[in-house]
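To start, the structure itself, in structure tokens.
Protein chains get the first letters and strands the later ones, always in sequence-line order, with residue 1 at the start of each.
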Number of protein chains: 2
Amino acid sequence: MLKYREIENILKKRIQNETYPAGSLFPKQNDLAKEFNTSRVTIRKALDHLIQIGLIYPQRGAGTFVRSTANELSHFETDVDQYIGTTKLLGDKHLVESKVINFEIRYPSEKEIAALTIETGDLIYDIKRLRIVDHDPYALEYTIMPVNIIPKIDKTILGGSVYAYIEEVLRQKIGSAYRRISAAKPTEDDKKYLSCKSDDPVLKVNQIVSLESNIPFEFSETHHRFDKESISVYLPGNRR
Amino acid sequence: MLKYREIENILKKRIQNETYPAGSLFPKQNDLAKEFNTSRVTIRKALDHLIQIGLIYPQRGAGTFVRSTANELSHFETDVDQYIGTTKLLGDKHLVESKVINFEIRYPSEKEIAALTIETGDLIYDIKRLRIVDHDPYALEYTIMPVNIIPKIDKTILGGSVYAYIEEVLRQKIGSAYRRISAAKPTEDDKKYLSCKSDDPVLKVNQIVSLESNIPFEFSETHHRFDKESISVYLPGNRR
DNA sequence: CAGTGGTCTAGACCACATC
DNA sequence: ATGTGGTCTAGACCACTGT
């Protein structure tokens, strides 16, 4: 375990524990350096991410403070896989199921070749899944993945978490993601599977997800019921 | 000007210039340190933000590379004020106008007191504006701001850019923002001002924006026509 | 003024990828 | 084996805030 990541996690727990209550003064960087027996540079690196996700904010000259909204924000993790994997995001407190509506292997279109930076002859999976949370339809996913990058996908894996398969079986780490969020009218599929009425909007998320090695592996579109999902984004101003 | 910020800007320009073409090997950290006559730590700090916005990606052992999508991404700046200010975001290439539909000063509700962390007796502006881009309705904004933090707002300012007023006249810098994005059915106002039909969804953005000094100054809800706006988010995986 | 966070240095060692 | 990026150190000085 990296030292700065370890310290970051300990400090995060202390904020959640209210060892450092919301709104209070956070320990000085020099004190933390002493406590963890490290240099101030390492402490600063540990604080970087806590600042970025808005749990604490530094005020030059004055000190560092715990944000008053720290407890509301602390659930909202910034690790990419938590944004991305439905199972991981909801699996603790809810029953997450997947119903595979369609699953085939085919050659990619021009658009798909460009999005996944693959070759014309490379096969892809074409998957349509309904995600079900606590027995209610939650989201409809259309996903394309290259066969040679994510081998041996089958209906059993699709019934659970593809992300868990990638991380635990293939031993690959999820890297970055690029998302585009919009609102749309419901499609026939949305009406059928998400029980949308004709005037119920859907929240549409198009994304390209890459492995840590920067190889794109997922090109997908997800439709969420408008009354079941919203997306939070924190835009930090103080980049350091 | 800060050294690392200066280097960051120079490197960014070189990527846009294609001095470092998309997909190519980016200079080594040690070479950059020599070129800019600084330490590697400072170079790393300059690279941090370029990595975060996805222009380059480091591969340990191999080197750092310019992302193949660098040119598509370079327009999409990550400074918070560019995410937030419609005028700044679109003003270069488009005609941005504002029609003030409602403007009053009143006492805040419980919810507004909590969101802006103000006192019961503090007055707020209550603003409803239609943003018009190239003569077409673009978005409907409901904004609350504390009078004592953003003084002397009037209809002239509201006809233009509030963010420009804050930065140029009040000499305050925009800090962080917290946004929640969702889809919704159109309201009566949406139908009236955005010309939405009954089954046209809207993209709804609720946000709290703070100054650099961490004082919240805007609590707003914006309705976008579903066919005119989508929101992009880049989720970097490699946080360092 | 003292104390805080912000920037910067000039090294060192490690993990990893390529050869 | 070499060279890359990733982590870490033990200092230093500056900018800013509070009193």
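Among the nucleotides D:dG5, C:dG5, D:dC8, the one closest to the side chain of A:K3 is D:dC8.
Checking the phosphate oxygens (OP1, OP2) of C:dT7, a side-chain nitrogen or oxygen of B:K45 falls inside 4.0 Å. Dashed line: the shortest gap from a side-chain N or O of A:Y4 to OP1 or OP2 of D:dT7 is under 4.0 Å. A close approach under 4.0 Å does not occur between any side-chain nitrogen or oxygen of A:Q29 and OP1 or OP2 of C:dG3. Side-chain N/O atoms of B:T64 include none lying less than 4.0 angstrom from OP1 or OP2 on D:dT4.
Between B:G63 and B:L25, the shortest heavy-atom distance links the atoms CA-CD1, 4.3 Å.
Nucleotide D:dG5 holds its P atom 14 Å from the CG atom of B:L50, rounded to whole Å. What separates CZ of B:F36 from P of C:dT7 is a distance of 18 Å, to the nearest Å. For the pair B:N30 CG and D:dT4 C1', the interatomic distance rounds to 9 Å; values are reported in whole Å. What separates CZ of A:F65 from C1' of C:dG5 is a distance of 11 Å, to the nearest Å. Computed from coordinates, the B:I7 CD1 to C:dC8 C1' distance equals 11 Å when rounded to whole Å. If you take CD of B:E6 and P of C:dG6, they are 20 Å apart, rounded to a whole angstrom. Distance A:K28 NZ to C:dA2 P: 17 Å, rounded to the nearest Å. Distance CZ (B:R5) to C1' (C:dT7): 12 Å, rounded to an integer number of Å.
Residue pairs meeting the ring pair (Phe, Tyr, Trp, His ring centres under 6.0 Å) criterion with at least one partner in residues 11-31 of chain A, sequence neighbours excluded, are A:Y20-A:F26.
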Contacts under 3.5 angstrom, residues 143-156 of chain A side chains, donor-acceptor by atom type, not counting sequence neighbours:
unit_1	atom_1	unit_2	atom_2	d
A:D154	OD1	A:T156	N	3.0
A:D154	OD1	A:I157	N	3.0

Pairs under 3.5 angstrom only: tabulate donor-acceptor contacts from the side chains of residues 30-38 of chain A to other protein residues two or more places apart or in another chain.
unit_1	atom_1	unit_2	atom_2	d
A:E35	OE1	A:R14	NH1	3.4
A:E35	OE2	A:R14	NH1	3.3
A:E35	OE2	A:R14	NH2	2.7

Give every donor-acceptor pair under 3.5 Å between a side-chain atom in residues 110-122 of chain B and any protein atom, sequence neighbours left out.
unit_1	atom_1	unit_2	atom_2	d
B:E112	OE1	B:R106	NH1	3.1
B:E112	OE1	B:S109	N	2.9
B:E112	OE1	B:S109	OG	3.4
B:E112	OE2	B:R106	NH2	3.1
B:D122	OD2	B:E119	N	2.9

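How far CZ of A:R44 is from OH of A:Y4: 14.5 Å, rounded to the nearest 0.5 Å.
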- Contact letters for nucleotides 10-19 of chain D, in which S counts primed atoms plus P, OP1 and OP2 and B counts the base, heavy atoms under 4.0 Å: B-B--SBB--
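Residues that satisfy the side-chain hydrogen bond (donor to acceptor under 3.5 Å, both in side chains) test with A:K128, not counting sequence neighbours, are A:D189.
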